[in-house]
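Just so it is clear, the model here is predicted, and its values are computed rather than measured.
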Amino acid sequence: AVSRAMAGSDMVVHFAAESHVDRSITEPAVFLKTNVIGTHTLLEAAREHQVKRFHHVSTDEVYGSLKFDDTELFHELRPHQPNSPYAASKSGSDMLVRAYWHTFQLSTTISNTSNNYGAYQFPEKLIPLMILNALHNRPLPVYGDGKNIRDWIHVTDHCRAIDLIIHQGQPGETYCVGGDSERQNIEVVRDILQLLNKPESLITYVKDRPGHDQRYAIDSSKIKRELGFTHTYNWTTGLAETVKWYQGHADWWRPLLNEEYQKYYQKIYEQR
């Protein structure tokens with residue numbers, strides 16, 4: 001099926017992945033099947049059809065964790081040190097893409113990005129989950145003390161970066177794409193509550209995620225210097241736009257909040 005779909009294509013952008021760390025802890029085999037074996041399936045089809053460019057979308061989580069009090073940032077030459085089954089599966093897929101460039105001369109590029117946010121994000125992710133829980137006056141579960149730090153990039157800026165890479169990036173290269181917007185998880189939650197005029201009493205601290213990475217932060221200097229990448233969104237305007245989108249698109253997210261979904265997440269929180 002993949003081979004038939006790819007026939008006649010000159011470019012493939014591989015966005016597909018199992019991407020939620022929580023589920024990788026409870027169901028790691030699913031992540032290996034999709035992220036590693038699935039990527040191999042795509043690479044083989046791209047090689048069969050002599051695709052001119054294969055771009056692989058990956059994550060900053062392959063680089064491991066930074067310390068809270070460190071000024072270091074993730075960069076393209078940093079060794080992979082994945083700490084979750086999700087991150088390990090994405091690291092494995094990155095290595096496969098690299099191998100197909102070096103072994104088979106398949107024209108590939110890789111981007112490792114920070115946390116995305118914006119419209120149409122599935123409610124299992126932090127920002128949409130907090131928005132929807134707040135809209136329903138439900139508890140907002142925050143892992144540990146909420147001080148884990150993530151770098152956030154608006155999905156539109158991320159896609160603009162990918163567009164630059166597939167048209168101007170050099171084959172065989174990796175590009176780190178960050179948002180220059182580090183925030184503690186608890187700061188993100190409080191910003192959402194403020195935008196929705198909801199009380200902080202909705203915040204509920206839950207047992208921390210196993211192996212929870214402390215901090216992610218990306219050095220985007222390579223893609224800025226070589227390809228001219230710039231951001232069009234800052235955190236304040238991007239988050240406000242995202243919250244407004246979820247407020248106005250219940251027709252999209254309401255069908256996703258079924259009983260099975262709620263039971264699944266209740267089980268996760270109880271386990272934590």
> side-chain contact (heavy atoms from CB on, under 4.5 Å) between R150 and L126: does it pass, once the steps are laid out?
Replying inline: CA-CA 11 Å; R150 299 295 181 262; L126 176 67; over 6 Å; no

> Taking the inter-plane angle between the rings of W245 and H249 on a 0 to 90° scale, is it parallel (under 30°), tilted (30 to 60°) or perpendicular (over 60°)?
Replying inline: parallel

>> Check this for me, if you would: do K33 and E18 make a salt bridge, where the nitrogen-to-carboxylate-oxygen distance has to be below 4.0 angstrom?
In response: no

> Picking from T232, T113, N234, what satisfies side-chain hydrogen bond (donor to acceptor under 3.5 Å, both in side chains) with D157?
Replying inline: T232

> Who are the side chain to side chain donor-acceptor pair (under 3.5 Å) partners of S114, not counting sequence neighbours?
Replying inline: D151

> Between atom CG of L196 and atom CG of D191, what is the distance when rounded to the nearest 0.5 Å?
Replying inline: 11.0 Å

> Under the ring pair (Phe, Tyr, Trp, His ring centres under 6.0 Å) criterion, do F54 and W101 qualify, and how do the steps go?
Replying inline: CA-CA 10 Å; F54 184 99; W101 158 248; over 10 Å; no

> What's the verdict on side-chain contact (heavy atoms from CB on, under 4.5 Å) for K125 and S19, showing C-alpha distance, side-chain angles and the deciding distance?
Replying inline: CA-CA 9 Å; K125 299 294 187 177; S19 63; 3.1 Å; yes

> Do V21 and E61 have side chains that get closer than 4.5 Å, going by heavy atoms?
Replying inline: yes

> Do the rings of F74 and Y63 sit parallel, tilted or perpendicular, given the 30° and 60° boundaries?
Replying inline: tilted

>> Between K222 and T174, is there a side-chain donor-acceptor contact under 3.5 Å, judged purely by atom types and distance?
In response: no

> Taking atom types as modelled, is there a side-chain donor on H56 or T108 under 3.5 Å from an acceptor on the other?
Replying inline: no

> Can you find a pair of side-chain heavy atoms, one from M95 and one from H80, that are under 4.5 Å apart?
Replying inline: yes

>> Quick one about T39 and H14 (side-chain donor to acceptor, distance below 3.5 Å, no hydrogens or angles considered), yes or no?
In response: yes

> For residues D208 and N148, is any side-chain donor paired with an opposing acceptor at under 3.5 Å?
Replying inline: no

> Can you say whether the rings of H136 and W253 are parallel (under 30°), tilted (30 to 60°) or perpendicular (over 60°)?
Replying inline: perpendicular

